Amino acid sequence: IKENYFDRAFQKCRLIKDKSKVDLIEKWISPNSYFKCKLIYDARENGDKVSKFHSLCDNKGATLTLIATSDDKIFGGYLSIPFSENSGWIHDDKAFVFSLNYNEKYSSLDNTYTFYGGKDRGPTFGGYNIEIFDNFLSSEKNKYNPCNGTYSFHERYKGSKDQYFKVNELLVYQIYE
């Protein structure tokens, strides 16, 4: 029996307390195999500067980003290729974003704009579905818009406008075999 490293990595995760949510994320990333993960960025410990995010997360391979907001939303995204502050728009046909409040995964409709890598932004998924800016723990200029972007969100979001939010926590896990 293989050890489930993903479960072990999330034992101390402040954002996911429900084992069924861990199982769900694991299924979304790799339904048929086990993988390992390692926490490489924690905004509370490492700070909320975009430059610090890039120094710790760029060129690390596949990653899972978890974001918790001040209004109790937990969502994020997965990339199978590395972050890079110099990449511009990234094509990744395995990328997805998700909501743990709704237990839903959203796939990309246009793989050309799955992620934006720029020095002026933290994790930015889709054609601006999720945007994280500098000093994000103290700012409410971060944006979430399920209709303005690349990912296919649930019908309930039809007509949604930009929703600005304050990040309470942001964690990035490196995913590897």
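This is a predicted model, so every value here is computed, not measured.
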Say you draw a straight line from [atom1] of [X] to [atom2] of [Y]; how long is it, rounded to the nearest 0.5 Å?
X: Glu85; Y: Cys57; atom1: CD; atom2: SG; value: 11.5 Å
X: Asn101; Y: Lys21; atom1: CG; atom2: NZ; value: 7.0 Å
X: Thr114; Y: Asp93; atom1: OG1; atom2: CG; value: 8.5 Å
X: Lys60; Y: Ser84; atom1: NZ; atom2: OG; value: 12.5 Å
X: Ile175; Y: Lys38; atom1: CD1; atom2: NZ; value: 12.5 Å
X: Thr69; Y: Ile74; atom1: OG1; atom2: CD1; value: 8.0 Å

Partner set under salt bridge (charged side-chain N to carboxylate O under 4.0 Å, His left out) for Asp71, not counting sequence neighbours: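 Scan of Asp71 (salt bridge (charged side-chain N to carboxylate O under 4.0 Å, His left out), adjacent residues dropped) gives Lys73.
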Are [X] and [Y] side-chain neighbours, meaning at least one heavy-atom pair lies under 4.5 Å?
X: Ile25; Y: Leu100; value: yes
X: Phe75; Y: Leu66; value: no
X: Pro123; Y: Ile130; value: no
X: Ile40; Y: Leu56; value: no

Testing the basics here: between [X] and [Y], what is the closest heavy-atom pair and its distance to 0.1 Å?
X: Val167; Y: Glu169; result: CG1-O, 3.3 Å
X: Ile132; Y: Ile67; result: CD1-CD1, 4.0 Å
X: Glu131; Y: Thr124; result: CG-CG2, 3.7 Å
X: Leu64; Y: Ile29; result: CD1-CD1, 4.2 Å
X: Ile90; Y: Pro82; result: CD1-O, 4.0 Å
X: Asp134; Y: Val50; result: OD1-N, 2.7 Å

Hey, do the aromatic rings of Tyr41 and Phe53 have their centres closer than 6.0 Å?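 Close enough - the centres of the two rings lie under 6.0 Å apart.
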What do you reckon, are the aromatic ring centroids of Tyr78 and Trp28 less than 6.0 Å apart? no
Could you walk me through whether Asp18 and Ser20 satisfy the side chain to side chain donor-acceptor pair (under 3.5 Å) test, starting with their C-alpha distance in whole Å, then the side-chain angles of each, then the deciding distance to 0.1 Å, before giving a yes or no? CA-CA 5 Å; Asp18 182 346; Ser20 68; 2.7 Å; yes
Using only atom types and a distance under 3.5 Å, with no angle test, would you say the side chain of Asp48 pairs donor to acceptor with the backbone of Ala43?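 Side chain of Asp48 to backbone of Ala43: no pair is present.
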Looking at Asp120, is its backbone amide N or carbonyl O close enough to the side chain of His54 to form a donor-acceptor pair, meaning the two atoms are under 3.5 Å apart? no
Distance alone, cut at 3.5 Å: any donor-acceptor contact between the side chains of Tyr176 and Gln174?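 Result is no, nothing qualifies.
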Between the side chains of Ser80 and Asp92, is a donor N or O closer than 3.5 angstrom to an acceptor N or O?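 There is such a pair (donor and acceptor under 3.5 Å, judged by atom type) between the side chains of Ser80 and Asp92.
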Phe98 six-ring centre to Lys105 NZ/CZ under 6.0 Å and within 45° of normal: no
Measure from NZ or CZ of Arg121 to the centre of the six-membered ring of Tyr116 and say whether it is under 6.0 Å with the direction within 45° of the ring axis. yes
Would you mind checking if Asp23 and Lys27 are paired as a salt bridge, meaning a charged N to carboxylate O distance below 4.0 Å? no
Would you call the rings of Phe83 and Phe115 parallel, tilted or perpendicular, taking 30° and 60° as the class edges?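 Correct class here is tilted.
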